[in-house]
Participant: 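If you scroll down you'll find the structure; I have some questions about it.
As a basis for the values below, the full set of heavy atoms in this structure was taken, side chains included, without hydrogen atoms, waters or symmetry mates.
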Amino acid sequence: PIVTFILISISAMLLGQDKIIQIKFDPKTEYQTIDGFGASDAWRCQFVGKNWPLEKREYIADLLFSRQVDEKGNPKGIGLSIWRFNIGGGTTEQGDSSGIGNPWRRAECFQNAIGSYDWTKHAGQQWFLKAAKQRGVEKFLAFPNSPPVHLTRNGKGYADRGVETINLKPGKLDDYAAFLVDVLAHFEQKNIHFDYLSPVNEPQWDWSGHSQEGTPATNEDIFALVTYLSNELSQRNLQTKILIGEAGTIGHAAIDMSLVGEKSNGRDNQALFFFNENSPFYVGDLPNVENTISAHSYHSVWPLEKQVEYRQLVHKSIHAANPNLGYWQSEYCILQKNDEIIRGGKRDLGMGTALYVARIIHNDLTITNAKSWQWWTAITQCDYKDGLVYLDDGSQGD
């Protein structure tokens with residue numbers, strides 16, 4: 001947080017503001033305890049970890065995970081402390097019939113339609129998982145974007161247009177929960193413990209765009225799935241914590257979106273829905289549920305006044321729902337165009353973009369009191385502002 005304070009003041013001067021911002025801080029004053037900083041392996045690690053030369057893989061892993069310094073004291077990497085592992089839904093095995101045109105956005109599945117497992121799947125992602133552990137990454141999180149395609153209502157890794165509930169066949173919640181916990185148990189046997197399982201990603205969107213795996217879900221869908229997962233984890237004595245949220249915007253995590261002129265659809269105000277003790281859907285007393293709500297900082301950073309005011313409202317709403325509830329900002333990359341920065345398209349590795357992101361990190365940590373801040377995808381081959389490491393293989397991800 002001290003670093004981001006300094007970066008914001010520098011940013012103000014670089015942007016031509018004529019007033020000097022004085023910042024005072026007391027290093028003895030403690031606020032939130034930081035759980036970690038992270039990024040995900042979606043979707044490119046599946047190709048890089050499996051197919052690239054070992055020397056280049058090791059170098060990329062060092063850039064992401066290493067905390068060592070060279071002989072001149074320069075860090076070898078950024079030392080991520082949380083690594084997110086994508087449990088795929090099986091669109092890779094479907095190939096072109098998956099409906100997802102870009103092979104880089106498909107994902108394998110450990111389980112086939114008859115219920116048996118192939119643990120050699122996700123080979124590239126497993127390579128990076130092991131590399132992260134070897135380099136001292138402290139925490140691991142598993143997340144699906146879609147149930148396995150053989151469990152979905154439409155047989156696809158994405159939802160049908162207009163559907164707002166989870167893309168899962170009726171009566172298959174127990175099978176889906178068992179599948180996810182089977183994956184966790186397998187890696188537990190391989191001495192890789194997943195500290196967290198985040199079972200639903202951005203449930204507010206309809207995910208019918210055929211661009212990647214994804215499913216919508218109502219709050220009640222999530223409550224039912226979390227109940228099954230909690231029971232499954234408890235029965236198997238696994239210590240993995242269920243992390244609820246991954247809301248598409250920070251507002252959906254904590255406020256009634258109708259109050260800001262947007263649709264509610266039973267998929268917002270999640271902090272109150274899940275973690276207020278007076279809610280009939282309270283999950284705070286279930287085993288293996290982390291007392292934290294998570295959300296993504298998309299669609300909430302411009303204009304700057306809104307970036308601050310929105311976060312103040314979200315923090316106030318989280319505290320009102322449950323004063324002991326933690327908050328994670330669990331995904332961000334640059335998407336929207338505004339008066340300060342070009343939209344996500346076209347890479348920009350300059351200091352201006354770095355300071356733009358630093359300000360968002362600062363506000364998420366200090367206003368919403370985020371205990372964790374996580375970038376979207378660690379590796380990209382696209383001409384887009386979505387990666388920490390760029391492959392430069394000449395493609396645009398098509």
Participant: Are Met257 and Val200 grouped together when hydrophobic residues (ILVMFWY) are joined by side-chain heavy atoms under 4.5 angstrom apart?
Facilitator: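 Yes: a chain of side-chain contacts under 4.5 Å links Met257 to Val200.
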
Participant: Can you find a heavy atom in the side chain of Arg311 that is under 4.5 Å from one in the side chain of His315?
Facilitator: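 Of all side-chain heavy-atom pairs linking His315 with Arg311, none is under 4.5 Å.
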
Participant: Quick check: do Lys169 and Leu151 have side-chain heavy atoms less than 4.5 Å from each other?
Facilitator: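 No, side chains not in contact.
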
Participant: In the structure I gave you, are the side-chain heavy atoms of Ile255 and Tyr310 within less than 4.5 Å of one another anywhere?
Facilitator: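 When only atoms from C-beta onward are counted, Tyr310 and Ile255 do touch, with a gap below 4.5 Å.
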
Participant: Are Ile360 and Gln329 side-chain neighbours, meaning at least one heavy-atom pair lies under 4.5 Å?
Facilitator: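 Ile360 vs Gln329: side chains apart.
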
Participant: Report yes if some heavy atom in the side chain of Asn167 is under 4.5 Å from a heavy atom in the side chain of Trp207; otherwise report no.
Facilitator: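 Not in contact.
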
Participant: Taking C-beta and beyond as the side chain, do Leu129 and Phe194 meet within less than 4.5 Å on heavy atoms?
Facilitator: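 In contact.
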
Participant: If the test is side chain to side chain contact (heavy atoms under 4.5 Å, CB included), which one of Lys130, Gln46, Lys50 qualifies with Gln125?
Facilitator: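 When Lys130, Gln46, Lys50 are each tested with Gln125, the side chain to side chain contact (heavy atoms under 4.5 Å, CB included) holds only for Gln46.
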
Participant: Measure up the Trp119 and His186 rings against each other and bin them: parallel (under 30°), tilted (30 to 60°), perpendicular (over 60°).
Facilitator: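 Taking His186 first and then Trp119, their aromatic rings lie parallel (interplane angle under 30°).
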
Participant: Could you tell me whether Glu188 and Arg236 make a salt bridge, using a distance below 4.0 angstrom between a side-chain N and a carboxylate O?
Facilitator: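 Result for this pair is no, no salt bridge flagged.
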
Participant: Can Leu388 be reached from Val137 by stepping across I, L, V, M, F, W or Y side chains whose heavy atoms are under 4.5 Å apart?
Facilitator: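 The answer is yes; both residues are in one hydrophobic cluster.
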
Participant: With the threshold set at 4.0 Å, does a side-chain nitrogen-carboxylate oxygen contact exist between Glu58 and Arg135?
Facilitator: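 Looking at Glu58 and Arg135, the cut-off is met.
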
Participant: State whether Glu331 and Arg84 are salt-bridged, where the test is any N-O pair (Lys NZ or Arg NE/NH1/NH2 against Asp/Glu carboxylate O) under 4.0 Å.
Facilitator: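 No, Glu331 and Arg84 are not salt-bridged.
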
Participant: What residues, two or more places apart in sequence or in another chain, satisfy ring-ring contact (aromatic ring centres under 6.0 Å, His included) together with His319?
Facilitator: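 With sequence neighbours excluded, His319 shows a ring-ring contact (aromatic ring centres under 6.0 Å, His included) to no residue whatsoever.
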
Participant: Do Tyr298 and Tyr332 have ring centroids that are under 6.0 Å from one another?
Facilitator: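 Yes: the rings meet the under 6.0 Å criterion.
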
Participant: Under a single-linkage definition using a 4.5 Å side-chain heavy-atom cutoff for Ile, Leu, Val, Met, Phe, Trp and Tyr, are Val389 and Leu54 assigned to the same hydrophobic cluster?
Facilitator: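 Same cluster: Val389 reaches Leu54 through Ile, Leu, Val, Met, Phe, Trp or Tyr contacts under 4.5 Å.
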
Participant: If you take the centroid of each ring, where Trp contributes its six-membered ring, are His122 and Phe85 closer together than 6.0 Å?
Facilitator: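 Yes - the distance between ring centres of Phe85 and His122 falls below the 6.0 Å cut-off.
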
Participant: Are Trp373 and Ile334 connected, step by step, through hydrophobic side chains (Ile, Leu, Val, Met, Phe, Trp, Tyr) whose heavy atoms are closer than 4.5 Å?
Facilitator: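 Yes, it is one cluster - the side chains of Trp373 and Ile334 are joined through contacts under 4.5 Å.
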
Participant: Side-chain contact test, heavy atoms from C-beta onward, threshold under 4.5 Å: evaluate it for Tyr176 versus Pro144 and give yes or no.
Facilitator: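 A side-chain contact exists here, since the closest heavy-atom pair is under 4.5 Å.
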
Participant: Would you indicate whether the side-chain heavy atoms of Asp206 and Tyr158 approach each other to under 4.5 Å?
Facilitator: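 With C-beta onward as the side chain, the pair stays apart.
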
